[in-house]
Amino acid sequence: MIDNNRRKFVSTGLAGVAAMSVAGTGIARAAAGGAAAPTSVDTVIPPPAQVYLPVTGEAGKFPVRRIHCVGRNYLAHIRELNNNDAEPPFFFQKQRDMIVQSGGKMRYPALTDDFQFETELVVAIKAAGYNVTPDQVPDLIYGYAVGFDMTRRDRQSDMKAMEKPWEIGKSFEDSAPCGAITPIAKTGFLERGRIRLDVNDKVRQDSDLDHMIWNVREIIVELSKQVELGAGDLIYTGTPEGVGPVVRGDHMVATIDGLEPLVIDVV
Ligand code: MN
């Protein structure tokens with residue numbers, strides 16, 4: 001009797017999974033290709049909320065698909081954490097529901113005593129791209145924003161020592177604050193510009209985008225070899241030196257020349 005019930009449960013579950021995966025595949029392909037996703041699909045649970053970022057000077061918002069991050073893209077930051085400066089940058093990911101909007105509150109996470117900021121240029125992608133050439137890169141960029149790649153530095157260090165993935169150190173609730181996007185039509189192709197963070201009115205990071213090891217063009221070429229980029233993707237392009245901890249009550253204001261500031265309170 002119990003076995004029969006279990007078989008019925010498994011059978012129902014499998015049917016549900018098969019139906020969901022067919023619908024899911026269609027949506028993913030449509031999104032990567034730039035086409036609109038279906039708008040009326042019956043779902044067995046409430047669908048996850050879409051995440052949007054505001055766009056400077058536009059009523060429409062930017063819908064977020066994936067979040068890619070570049071690790072070790074500024075020499076002075078590699079050296080401050082005693083990492084190997086002979087190795088190239090690399091990529092990891094966060095999830096779109098980990099974004100905190102500018103003006104919002106970022107919850108201090110569990111499982112850390114060393115919650116650190118990394119102030120980064122964020123590139124917003126507007127079209128699909130796989131194995132793109134350098135000259136195709138400008139056609140993929142919608143605009144730019146200021147972001148924080150928030151990090152449980154103690155947990156990241158533990159995982160590095162164990163030669164395990166960084167997930168626990170990088171990918172968690174509120175770990176990807178991001179400001180409003182400024183369209184590339186207003187900024188031009190960004191290759192330089194001051195990037196700065198103040199915490200409680202004291203300067204903590206102050207560098208220039210031209211110190212990146214891989215510039216934005218090179219980042220997108222390399223990343224598109226590894227995954228297919230899609231409209232709505234965000235790329236956090238790595239932090240300059242000066243990373244450090246915040247605590248509850250801290251007020252963070254990050255700026256990059258020509259972009260909207262990112263303002264976040266730690267709670
Ligand atoms: Mn980073």
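We count ligands from 1, going down the list as the structure has it; atoms in each ligand are counted the same way. The structure displayed is predicted, hence computed values, not measured ones.
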Exercise for review: Measure from the ring center of Tyr52 to the ring center of Phe62 and say whether it is less than 6.0 Å.
Suggested key: no
Check your understanding: What is the name of the N/O/S atom in Glu118 that sits closest to the Mn ion (ligand 1)?
Key -> OE1
Practice item. Please check if the distance between the ring centroids of Tyr74 and Trp214 is under 6.0 Å. Key: no
Review point. Charged N to carboxylate O under 4.0 angstrom, Asp149 versus Lys94?
Key: yes
**Study point:** Validation row, ring centre Phe117 to ring centre Phe148 under 6.0 Å
**Key:** no
Study note, to complete from the structure: Among N, O or S atoms, Asp149 approaches the Mn ion (ligand 1) most closely through OD2
Practice item. Just give me the atom name: the N, O or S atom of Glu120 closest to the Mn ion (ligand 1). Key: OE2
